[in-house]
Protein chains: 2
Amino acid sequence: MPSTAHIAPPAGAEYPPDVLSERCPSRRILNHVTSRWGVLVLIALQDGTHRFSELRRRIGGVSERMLAQTLRVLEEDGFITRTAHPVVPPHVEYDLTPMGQLVAQKVHALAECIESNLGRILKAGG
Amino acid sequence: MPSTAHIAPPAGAEYPPDVLSERCPSRRILNHVTSRWGVLVLIALQDGTHRFSELRRRIGGVSERMLAQTLRVLEEDGFITRTAHPVVPPHVEYDLTPMGQLVAQKVHALAECIESNLGRILKAGG
DNA sequence: CAGTATCCTATCGGATACTG
DNA sequence: CAGTATCCGATAGGATACTG
């Protein structure tokens, strides 16, 4: 039986999500999560609430623009909550949602796997 | 005690890898693994050996150029082995190394986590 | 079959300046 | 403090044609 992984479901039908399939929406989400800064934001938020500038300091090399954009996208996907306290100066807090904690765990596991094998990897690649 | 996550180790010294640190080499590798096609190649190779054109068909939407490039990078990092059989027409096989299987498992777990929550996610985001 | 080479575009992402 | 707006360069990535 041939694979149907590349066949998009007809409108209205529901197939099990398959990230190898070009049109599966999971791929868009996966790209958000695995984006250059998305990965690091999720990891940085794993130990609890953080403010914008805390995250900015914590995640080496991220620009304000990219941090804001990444937070917005991950919030839209339901991985992050944004809480703005109406005070001056502004005070905004970011947290992982329960679902966000799930994906953050997976992302973190991946990062740790790479970190713990770094020796072997760098030896292999130069 | 302030965080030192953003401080790069002096030349010759060895610090525990920290992906939140700008100069940590793990970040480069993580970017390869979480690249648009890197993720999908690792997943597609999880069930064993595959040839170039098999992968191309399996991974919806990938171009020859991007597949070749992604395979080369992941091979350099030591996640994939490339075996060329000297016959005409050419016959080349790709496999995961043991280390590649480890990261592929993590990547796959992440993808499955997203797939199984797709309903909630799409509802949240529109 | 398994790529490379070339060309081109779109998106990513950085720097800077500005705002409520 | 927590962003937005604008501009710009780098690079990821697609289409096509070609090769051993």
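Lettering of chains follows the sequences in order, A, B, ..., and the numbering in each one begins at 1.
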- request: Write down the distance between CD (B:Glu93) and C1' (C:dG3), rounded to a whole number of angstrom.
  value: 16 Å
field: Positive for side chain to side chain contact (heavy atoms under 4.5 Å, CB included) with B:Ser26, one of A:Ile121, A:Leu122, A:Leu118
entry: A:Leu118
- request: Establish, with yes or no, whether the OP1 or OP2 oxygen of D:dG3 is under 4.0 angstrom from a side-chain nitrogen or oxygen of A:Tyr94.
  value: yes
- prompt: Any stems for DNA chain D, made of 3 or more Watson-Crick or G-U pairs in a row, each with both distances under 3.5 Å?
  reply: C:1-20 with D:1-20
- prompt: Should the ring pair A:Phe52 and A:Tyr94 be called parallel, tilted or perpendicular, given that the plane angle runs from 0 to 90° and is split at 30 and 60?
  reply: tilted
field: Any side-chain heavy-atom pair of A:Val103 and B:Cys113 under 4.5 Å
entry: yes
message: Please encode protein proximity along nucleotides 14-20 of chain D as a string of B, S and -, counting only heavy-atom distances under 4.0 Å.
response: BB-B--B
query: Donor-acceptor pair, A:Arg58 side chain versus A:Ala44 backbone, under 3.5 Å?
result: yes
message: Could you tell me how far apart A:Leu67 (CG) and C:dG14 (P) are, to the nearest whole angstrom?
response: 11 Å
message: Using whole Å, what does the distance between atom P of nucleotide C:dA10 and atom CG of A:Asn31 come to?
response: 19 Å
task: Please report, rounded to the nearest Å, how far the P atom of D:dC1 is from the CZ atom of A:Phe52.
output: 11 Å
Close side-chain approach of A:Gln105 and A:Gln46, heavy atoms under 4.5 Å: yes
task: List in chain and number order the residues that pass side chain to side chain donor-acceptor pair (under 3.5 Å) with B:Asn31, two or more places apart in sequence or in another chain; answer none if no residue qualifies.
output: none
- request: Could you tell me whether the side chain of A:Thr70 reaches within less than 4.5 Å of the side chain of A:Leu40, counting heavy atoms only?
  value: no
